[in-house]
Amino acid sequence: MQTEHKTPASLETLVTLCKRRGFIFQSSEIYNGLNGFWDFGPLGTELKNNLRDAWWQDMVRNPPLGPDGEMLDIVGLDSAIIQNPKVWAASGHLGGFNDPMADCRESKSRYRADHLMVYVPESGEGTAFAFLEGEPAVAEKRIKKNAKSDPSAYKVVAFTDLDPALIPSVWGPDASEPGTLTEPRQFNLMFKTFIGALAGEGEENTAYLRPETAQGIFINYKNVVDTMRVKLPFGIAQVGKSFRNEVTPRNFIFRSREFEQMELEWFCHPDDATKWYNFWVEARLQWWASLGVDMRNLRRRDHDEDELAHYSTACADVEYQYGFTAPGFGELEGIAHRGDFDLTQHQEASGTKMEYLVQETNEKVIPHVIEPSSGLTRGVLVLLNEAYTEEFVPKGNTEGGVQLAKPGAQVPEGYEKRVVLKFAPRLAPIKVAIFPLLKNREELVGKAKDLYAELRKTWPCFYDQTGAIGRRYRRQDEIGTPFCVTVDFDSLEDNTVTVRDRDSMKQERIPASELKAWLHSKGI
RNA sequence: GCGGGUGUUGCUUAGUGGUAAAGCCCCAGCCUUCCAAGCUGGUCACGCGGGUUCGAUUCCCGCCACCCGCUCCA
């Protein structure tokens, strides 16, 4: 059945709901928060774990069948967050991205500070004129025109060596007045730390929090090949935290400085790499759809050649129409064809041979790598976006059914608004809620608690006896609990219970003895 | 990092140079035989730090966080 296409929820709506219902909190909130960091509350933790477990189940333990219907071999890994800094030198994360940069506030240009030179008046007083190394003409012209002076009255100083107090009097290369340049700043996005309790903050003690989980896989590639009897092609998967010192964390948990990734590195023969690349792009798109994400909100976007990263020969993103990007799309997962870049880099930097011997042909190859790299944190945001639904439901009963609320529409006469998170049952933080119909009847309460004690052995459950039954249903709707079980007076007679479905709001009477089997059949 | 905006309880709002009000939510009690009912009571807030002032949630400064636009996203 083709369902109506929902309008994406605004970010503000989601942030508010997440806080109110215990999904996601601002990190360090009681100390005014910390930009770019978020804490997962009780329900957010369950949701995130469920997404992670679904990925692990569907990628490592029971991956999809390959392009020729064959079973794939993928093994798991959990590498350290802090690795030898040489890893990041070899991967390219350190080199070339570690230079101090200066911005021009006016022209918005960004300069490598070590490429900027400055004409400073010998007297030390007055405007100084900056120019790009090797292009002093602009500055010399200005000295004559604006300072009515001659370059010989100036000395040339590197911008990086300039007294910071003089920066406000520096005239940038393409500014229309002095004082628009910022102080040089480091732009490396890796978090630095220092190893050893007594260690100083010297270069020799510096280490980095990993900016991606992928490198932990590459540096263990040989260990896995030597111990796990894997044969090409095979995959190594890892889920874990990564850290990037983003210039601008934005959009709730979409871009945060601490986040989680779910990454697969698929090692294959170079001749087959294109085939596997295409396979994984399609497989990953399908996987998100299998979680109940509306295909109309997903799309594949192939990177243009000029936006490919230095390591990549092809890359496609799985994009999602987030509320804050709509009608556009934002990245959810990237599938990169990394070629043999990483293994070759580590082979050269470490001296460890990364070749794989293909027994059948006695051929030694450095495998090529296809990397489906997915954001677990972003995945949670997608699930929340996708699940969030506003509906109009008839007051007092459910006979009139439910209808999707249009943004800004008035609630129709006789209806009221319901907020419901329509998570796939597999992903819902709480699977079953158990209620006694009334809390002032001991028999109902006792039986409901017995049921709760039994069900919580198997599933995350929630017991609630507070308020009217309808209120309790709505509370569960708002956190996405797929099933509510109510013990009523009939239950005392014939040992049946009612199970109320979150989406249809319909009830079904089930013998208590069959409840577990019934719930299992619903995919929770 | 730059520019603009915002900041009163969990949420939505009111208000004031003399430390704050309401609705919803939440909690407790009563009631209630299935979809946010009712009654009674209750908890909870002026983002943080300075300054001015006898006194600041209110005025000023700084900071922090969030939102929008740039920038960034290897």
Side-chain angles (χ1 to χ4, degrees), chain A residues 10-13 15-22 25-38 41 88 91-99 101-110 180-190 211-212 244-252 254-257 259 307-312 324 330-331 334 336 393-400 402 416-420 435-441 444 466-478 484-492 497-502 504-507 509:
Chain A
S10 78
L11 203 54
E12 200 185 348
T13 305
V15 173
T16 301
L17 176 72
C18 281
K19 180 174 184 192
R20 190 173 69 239
R21 291 302 188 181
F25 307 122
Q26 168 96 59
S27 177
S28 320
E29 192 183 74
I30 62 171
Y31 292 105
N32 298 324
L34 188 61
N35 195 0
F37 297 90
W38 301 89
W88 308 115
S91 69
H93 286 85
L94 257 183
F97 299 100
N98 211 6
D99 305 305
M101 308 289 277
D103 288 331
C104 175
R105 295 189 190 91
E106 179 192 334
S107 69
K108 305 293 184 194
S109 303
R110 176 160 289 166
T180 62
L181 290 179
T182 63
E183 287 188 31
R185 293 175 301 230
Q186 295 287 338
F187 263 77
N188 195 296
L189 294 188
M190 282 198 290
E212 63 174 30
R244 294 184 192 179
N245 230 332
E246 297 287 357
V247 175
T248 311
R250 274 289 164 90
N251 295 324
F252 198 28
F254 180 77
R255 177 175 297 140
S256 47
R257 289 183 165 133
F259 59 101
E307 69 177 309
L308 290 175
H310 58 88
Y311 52 77
S312 183
F324 61 88
E331 188 193 355
V393 301
K395 277 184 183 166
N397 67 73
T398 60
E399 293 308 305
V402 297
E416 59 195 353
K417 195 170 90 173
R418 168 174 94 128
V419 171
V420 52
F435 312 140
L437 182 59
L438 301 173
K439 75 170 170 190
N440 58 359
R441 299 291 201 283
L444 296 178
T466 304
I469 190 77
R471 175 183 297 277
R472 284 178 264 163
Y473 286 146
R474 294 302 166 75
R475 277 199 280 247
Q476 295 306 313
D477 289 343
E478 213 177 18
C484 294
V485 175
T486 301
V487 173
D488 61 13
F489 290 96
D490 288 352
S491 308
L492 303 176
V497 292
T498 65
V499 185
R500 179 260 196 187
D501 181 80
R502 177 193 66 202
S504 69
M505 299 173 75
K506 294 268 161 54
Q507 290 183 58
R509 185 160 282 280

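Just so we're on the same page: letters track the sequence lines, and every chain starts at 1.
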With distance as the sole criterion, do the side chain of [X] and the base of [N] form a donor-acceptor contact below 3.5 Å?
X         : N      : answer
Thr16(A)  : G10(B) : no
Arg472(A) : C34(B) : no
Thr248(A) : C72(B) : no

Pick base, sugar-phosphate or nothing for [X], based on heavy-atom distances below 4.0 Å to the nucleic acid.
X         : answer
Phe252(A) : sugar-phosphate
Glu331(A) : nothing
Asp488(A) : base
Asn440(A) : base
Asn251(A) : sugar-phosphate
Gln507(A) : base
Thr466(A) : sugar-phosphate

[N] to [M] separation - [atom1] atoms, rounded to the nearest Å:
N      : M      : atom1 : value
C48(B) : G10(B) : P     : 12 Å
G17(B) : U58(B) : P     : 11 Å
C67(B) : A74(B) : C1'   : 28 Å
U9(B)  : C27(B) : C1'   : 15 Å
C70(B) : U52(B) : P     : 42 Å
A56(B) : C24(B) : C1'   : 30 Å
U57(B) : C73(B) : P     : 43 Å
G7(B)  : C46(B) : C1'   : 10 Å

Review point. Below 4.0 angstrom, N of the basic side chain to O of the carboxylate: do Arg509(A) and Asp490(A) qualify?
Key: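 Result for this pair is yes, salt bridge flagged.
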Check your understanding: Are Asp477(A) and Arg472(A) close enough for a salt bridge, meaning some N to O gap below 4.0 Å?
Key -> no
With respect to the side chain of [X], which nucleotide from [options] is positioned closest?
X         : options                : value
Arg474(A) : C73(B), U32(B), A36(B) : A36(B)
His93(A)  : A74(B), C35(B), C2(B)  : A74(B)
Arg475(A) : C26(B), C11(B), C68(B) : C26(B)
Arg250(A) : A37(B), G10(B), C67(B) : C67(B)
Arg20(A)  : C73(B), G10(B), G29(B) : G10(B)

Can you find a heavy atom in the side chain of [X] that is under 4.5 Å from one in the side chain of [Y]?
X         : Y         : answer
Val499(A) : Gln507(A) : no
Leu444(A) : Phe435(A) : no
Glu478(A) : Arg20(A)  : yes
Asn35(A)  : Arg257(A) : yes
Thr498(A) : Asp488(A) : yes
Arg255(A) : Glu331(A) : no
Phe259(A) : Arg244(A) : yes
Arg441(A) : Val487(A) : no

Exercise for review: Check whether any side-chain nitrogen or oxygen of Lys506(A) sits under 4.0 Å from OP1 or OP2 of C34(B), and answer yes or no.
Suggested key: no
Practice item. Check whether any side-chain N or O of Arg471(A) sits under 4.0 Å from OP1 or OP2 of C25(B), and answer yes or no. Key: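 So the side-chain polar atoms of Arg471(A) do come within 4.0 Å of the phosphate oxygens OP1 or OP2 of C25(B), strictly under.
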Starting at [atom1] of [X] and ending at [atom2] of [N], how long is that distance when rounded to a whole Å?
X         : N      : atom1 : atom2 : result
Glu246(A) : U71(B) : CD    : C1'   : 12 Å
Phe254(A) : C72(B) : CZ    : P     : 16 Å
Arg257(A) : A74(B) : CZ    : C1'   : 16 Å
Met505(A) : A36(B) : CE    : P     : 8 Å
Asn245(A) : C72(B) : CG    : P     : 17 Å
Arg255(A) : G1(B)  : CZ    : P     : 15 Å
Gln476(A) : C34(B) : CD    : C1'   : 15 Å
Asn35(A)  : C63(B) : CG    : C1'   : 13 Å

Practice item. Hunt down any stem RNA chain B takes part in, defined as 3 or more consecutive Watson-Crick or G-U pairs whose two distances are each under 3.5 Å. Key: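 Correct response: B:1-7 with B:64-70, B:10-13 with B:21-24, B:26-30 with B:38-42, B:47-51 with B:59-63.
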Review point. Starting at the 5' end of RNA chain B, which residue's closest nucleotide do you reach first, Glu12(A) or Arg21(A)?
Key: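 Taking each residue's closest nucleotide, the earlier one in sequence belongs to Glu12(A).
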Exercise for review: With RNA chain B as reference, determine whether Pro249(A) or Arg244(A) sits nearer its 5' end, using the nearest nucleotide of each.
Suggested key: Pro249(A)
Exercise for review: Evaluate side-chain contact (heavy atoms from CB on, under 4.5 Å) for Glu29(A) paired with Leu34(A), printing each intermediate quantity in order.
Suggested key: CA-CA 8 Å; Glu29(A) 192 183 74; Leu34(A) 188 61; over 6 Å; no
Check your understanding: Taking the six-membered ring for Trp, are Phe324(A) and Phe252(A) ring centroids under 6.0 Å apart?
Key ->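 No.
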Please list each protein N or O that sits under 3.5 Å from an N or O in nucleotides 40-48 of chain B, with the distance.
residue	atom	partner	partner atom	Å
G47(B)	O2'	Asn32(A)	OD1	2.9
C48(B)	O4'	Asn32(A)	ND2	3.4

Practice item. Mind listing the closest non-hydrogen atom pair of Ser91(A) and Trp88(A) along with its distance? Key: OG-O, 3.2 Å
